[in-house]
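Here is the structure we will look at.
Throughout, a chain's letter reflects where its sequence line sits, starting with A, and its residues are numbered from 1. Predicted, not measured: the structure shown is a model, and the values here were computed from it.
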Amino acid sequence: MVATDSPTAPIPEPGRDFVRDIVQADLDAGRVAGIVTRFPPEPNGYLHIGHAKSICLNFGIAQEFGGRCHLRFDDTNPVKEEQEFIDSIQQDVRWLGFDWGEHLYYASDYFETLYHWAEHLIRAGLAYVDDTPADEMRAMRGTLTEPGRNAPGRDRSVDENLDLFRRMRAGAFPIGARVLRAKIDMAAGNMNLRDPVLYRILHAAHPRTGTAWCIYPTYDYAHGQSDAIEGITHSICTLEFEDHRPLYDWFIANLPVPAHPHQYEFARLNITYTVLSKRILTTLVREGHVTGWDDPRMPTLAGQRRRGVPAAGLREFVRRVGVARANSVVDLAMYEHAIREVLNAGTQRRMAVLRPLKLVIENWEEGRTETLEAVNNPENPDAGTRPVTFGREIYIERDDFLEHPPSRFHRLSPGREVRLRYAYFVTCRSVVKDSQGEVVELRCTYDPATRGGDSPDGRKVRGTLHWVSAADALPAELRLYNTLFARPDPGAGGDILADLNPASLEVLTGCLVEPALATLPVGEAVQFERQGYFCPDPDSRPDALVFNRTVGLRDSWAKVQAGQKAD
RNA sequence: UGGGGCGUCGCCAAGUGGUAAGGCAGCGGAUUUUGAUUCCGCCAUGCGGAGGUUCGAAUCCUCCCGCCCCAGCCA
């Protein structure tokens with residue numbers, strides 16, 4: 001043991017979770033020589049934020065303890081699995097920042113071994129072929145409070161079982177005609193032990209094995225044995241598999257497996273206003289409620305990536321949430337906080353006006369322009385500065401002007417002076433309205449002595465506004481996203497589709513952005529000052545810029561306003 | 001009167017017999033050319049409830065209450 005009481009000793013990692021404690025204890029006790037984990041997705045959909053928790057846990061533990069983590073596709077059900085998902089999952093795990101090296105595996109790689117082990121169980125009298133129809137089998141399984149009944153074929157001879165099972169493999173029977181079952185205990189309190197199905201007949205082509213098989217192992221039969229084959233030491237999964245652990249252990253104990261892995265369960269992630277269920281996400285995509293798996297409103301990694309969420313933000317979020325065994329629902333605000341934290345530090349600032357209002361500076365000569373210097377990132381001086389053009393006509397945010405300002409409004413109003421960021425102080429002299437009485441233009445004057453935004457006489461101004469120059473601003477479409485669901489607990493009312501938020505997407509056209517934004521690569525995050533974090537969408541073209549709002553800035557003024565309205 | 005889990009601040013979450021970490025949210029205040037960021041302060045005499053053991057209990061015992069998972073030839 002190393003002494004840790006030295007004042008200069010590094011402080012041990014705080015907030016370790018129970019899984020890491022177990023791993024550490026196993027290492028300390030010599031129960032395992034090294035750590036091997038795995039992330040085992042079924043390729044039947046895209047990965048989402050909930051998977052990110054599992055990925056960070058499994059790959060993170062491997063990294064921290066000098067072990068390795070395998071990426072293994074749990075591809076035991078060909079009717080639901082597709083190559084597209086196999087590809088997207090690999091892309092998403094890499095994007096999240098993890099590397100499985102050469103340890104890419106498929107449960108289907110083990111089909112032959114699994115098959116031989118099934119015959120082993122038959123020979124040991126621990127498995128039998130059952131031809132009970134599915135609905136009858138369900139009835140005979142009993143209920144939560146009543147034991148099940150033995151199937152008629154439960155006591156078939158080993159030879160007959162072997163013959164039947166081989167004919168199942170050979171394709172002698174139609175879909176669903178027979179299954180191979182483990183002979184355990186039809187009266188077990190744990191339903192998973194009431195003679196679970198090991199193999200079912202599915203005459204379906206598999207993305208990897210094609211038509212080589214017409215019988216496929218179930219999750220229960222395949223998972224633990226795959227772990228054993230790969231030498232997984234800690235098989236980490238979510239709570240709903242806890243009841244399966246006795247079965248997991250039963251297979252390991254009764255089969256000639258090369259290793260004895262152990263399963264540990266943690267609580268899955270839930271987030272307010274969010275659905276993390278592959279089944280429902282699939283429905284949203286199939287029924288067209290969203291534009292696809294990578295719709296920026298989707299909680300998929302592909303969607304969040306397109307929206308502009310940095311992988312580091314996702315990792316930070318997962319780290320803050322922790323790992324435990326209690327079911328919980330994390331506040332969406334915590335996710336947004338982690339994203340802002342990463343984006344604030346690493347993102348350049350630009351100016352963009354979402355809802356433009358023209359502002360003309362009357363004492364600025366027609367045709368004259370000036371180049372001013374804008375800071376790229378106040379959090380990082382190394383990011384440098386960029387030139388921005390200023391002139392007689394500019395655009396500001398409509399929200400930044402109010403003809404009759406309430407108290408505490410620090411922005412522009414008739415007769416009031418504000419600072420234009422990096423530019424000058426301007427004072428509103430008059431307002432131009434259209435026939436409807438709507439404000440369409442502001443007439444202002446500027447103070448030449450305030451160039452750059454500082455007043456030599458030390459006078460203060462309450463507000464600083466962002467702006468773009470009319471001469472060179474570029475038009476753009478901005479897509480603002482709100483929660484996909486309108487209530488914090490989608491589905492709690494019974495119909496989850498009824499909870500979809502009709503205002504989840506707000507498209508703003510006619511926005512104006514500074515010209516430096518024209519060449520920003522797709523997906524690269526920037527902060528639009530005073531507005532939020534954005535990134536160019538893949539739909540963006542040089543002559544038709546499109547930006548996604550990843551997340552807005554914190555807005556305490558909005559809170560004040562909400563408070564005022566409530567009064 | 002089936003089996004398996006879980007209950008610590010509004011939301012996450014440490015703590016495993018020695019007198020309740022931290023984060024998010026919220027509320028004050030300072031700084032600020034983003035009403036952003038940053039910084040400072042406040043925020044559980046209390047750990048689902050009731051008993052009990054102990055000098056001492058969120059931690060041990062008993063009973064009770066609540067919530068979650070399981071009856072796919074899904075994972």
Is [X] close enough to [N] that one of its side-chain N or O atoms is under 4.0 Å from OP1 or OP2 there?
{"X": "A:T76", "N": "B:rA75", "result": "yes"}
{"X": "A:R200", "N": "B:rC74", "result": "yes"}
{"X": "A:K460", "N": "B:rU32", "result": "no"}
{"X": "A:R408", "N": "B:rG35", "result": "no"}
{"X": "A:R530", "N": "B:rG35", "result": "yes"}
{"X": "A:R141", "N": "B:rG2", "result": "no"}
{"X": "A:H466", "N": "B:rU34", "result": "no"}

Determine if the base of B:rG72 is syn or anti; take syn to mean the glycosidic torsion is within 90° of 0.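 Judged by the O4'-C1' to base torsion, B:rG72 sits in syn, the angle falling within 90° of 0.
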
In Watson-Crick or G-U wobble terms, both distances under 3.5 Å, what is the partner of [N]?
{"N": "B:rU53", "value": "none"}
{"N": "B:rU34", "value": "none"}
{"N": "B:rC6", "value": "B:rG66"}

Can you say whether a donor on the side chain of [X] sits under 3.5 Å from an acceptor on the base of [N], or the other way round?
{"X": "A:R340", "N": "B:rU37", "answer": "no"}
{"X": "A:N190", "N": "B:rG4", "answer": "no"}
{"X": "A:Q531", "N": "B:rU34", "answer": "no"}

What is the ring orientation for A:Y424 with A:Y446, classed by angle as parallel under 30°, tilted 30 to 60°, or perpendicular over 60°? perpendicular

Kindly state whether the ring of [X] and the ring of [Y] have centres lying under 6.0 angstrom apart.
{"X": "A:Y248", "Y": "A:H244", "result": "no"}
{"X": "A:F73", "Y": "A:F85", "result": "no"}
{"X": "A:H51", "Y": "A:Y46", "result": "no"}
{"X": "A:F251", "Y": "A:Y221", "result": "yes"}
{"X": "A:F18", "Y": "A:F266", "result": "no"}

Tell me whether A:H223 is stacked on the nucleobase of B:rA75, counting only the six-membered base ring and applying the 5.5 Å and 30° thresholds.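 So no, this residue does not stack on that base, at least one cut-off failing.
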
Per-pair stack call A:W557 and B:rG35, 5.5 Å, 30°: yes

Given B:rC70, B:rG26, B:rC69, the nucleotide with the shortest approach to the side chain of A:R554: B:rG26

Round to a whole Å and report the spacing from [atom1] of [X] to [atom2] of [N].
{"X": "A:W467", "N": "B:rU34", "atom1": "CH2", "atom2": "C1'", "value": "14 Å"}
{"X": "A:Y128", "N": "B:rC73", "atom1": "OH", "atom2": "P", "value": "11 Å"}
{"X": "A:L144", "N": "B:rC68", "atom1": "CG", "atom2": "P", "value": "15 Å"}
{"X": "A:D243", "N": "B:rG3", "atom1": "CG", "atom2": "P", "value": "12 Å"}
{"X": "A:D130", "N": "B:rC73", "atom1": "CG", "atom2": "C1'", "value": "10 Å"}
{"X": "A:R319", "N": "B:rA14", "atom1": "CZ", "atom2": "P", "value": "13 Å"}
{"X": "A:Q527", "N": "B:rU37", "atom1": "CD", "atom2": "C1'", "value": "9 Å"}
{"X": "A:Y533", "N": "B:rA36", "atom1": "OH", "atom2": "P", "value": "12 Å"}

Sticking with atom [atom1], work out how far [N] lies from [M], rounded to a whole angstrom.
{"N": "B:rG5", "M": "B:rG10", "atom1": "C1'", "value": "25 Å"}
{"N": "B:rG56", "M": "B:rG18", "atom1": "P", "value": "15 Å"}
{"N": "B:rA21", "M": "B:rG35", "atom1": "C1'", "value": "33 Å"}
{"N": "B:rG52", "M": "B:rA57", "atom1": "C1'", "value": "11 Å"}
{"N": "B:rA14", "M": "B:rG22", "atom1": "C1'", "value": "7 Å"}
{"N": "B:rU59", "M": "B:rG29", "atom1": "P", "value": "40 Å"}
{"N": "B:rU16", "M": "B:rC60", "atom1": "P", "value": "11 Å"}
{"N": "B:rC64", "M": "B:rC69", "atom1": "C1'", "value": "22 Å"}

Reckon A:Y221 touches a base, only the sugar-phosphate, or nothing at all at heavy-atom distances under 4.0 Å?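 Result for A:Y221 = nothing.
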
Pick base, sugar-phosphate or nothing for A:R462, based on heavy-atom distances below 4.0 Å to the nucleic acid.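 No contact at all - A:R462 keeps every heavy atom at 4.0 Å or more from the nucleic acid.
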
What distance separates A:Y422 OH from A:H466 NE2, expressed to the nearest 0.5 Å? 11.5 Å

Going by atom types only, do A:Y273 and A:D489 share a side-chain donor-acceptor pair under 3.5 Å?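 Side chains of A:Y273 and A:D489: no pair found under 3.5 Å.
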
Lys/Arg-Asp/Glu bridge criterion (N-O < 4.0 Å) met for A:R20, A:D17: yes

Step-by-step ring pair (Phe, Tyr, Trp, His ring centres under 6.0 Å) determination, A:Y199 to A:F165: CA-CA 9 Å; A:Y199 273 92; A:F165 188 47; 5.4 Å; yes

Per-nucleotide protein contact string for nucleotides 5-12 of chain B (B base, S sugar-phosphate only, - none; heavy atom under 4.0 Å): SS----BS

Which sits closer to the 5' end of RNA chain B, A:K559 or A:V179, going by the nucleotide each is nearest to?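 The answer here is A:K559.
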
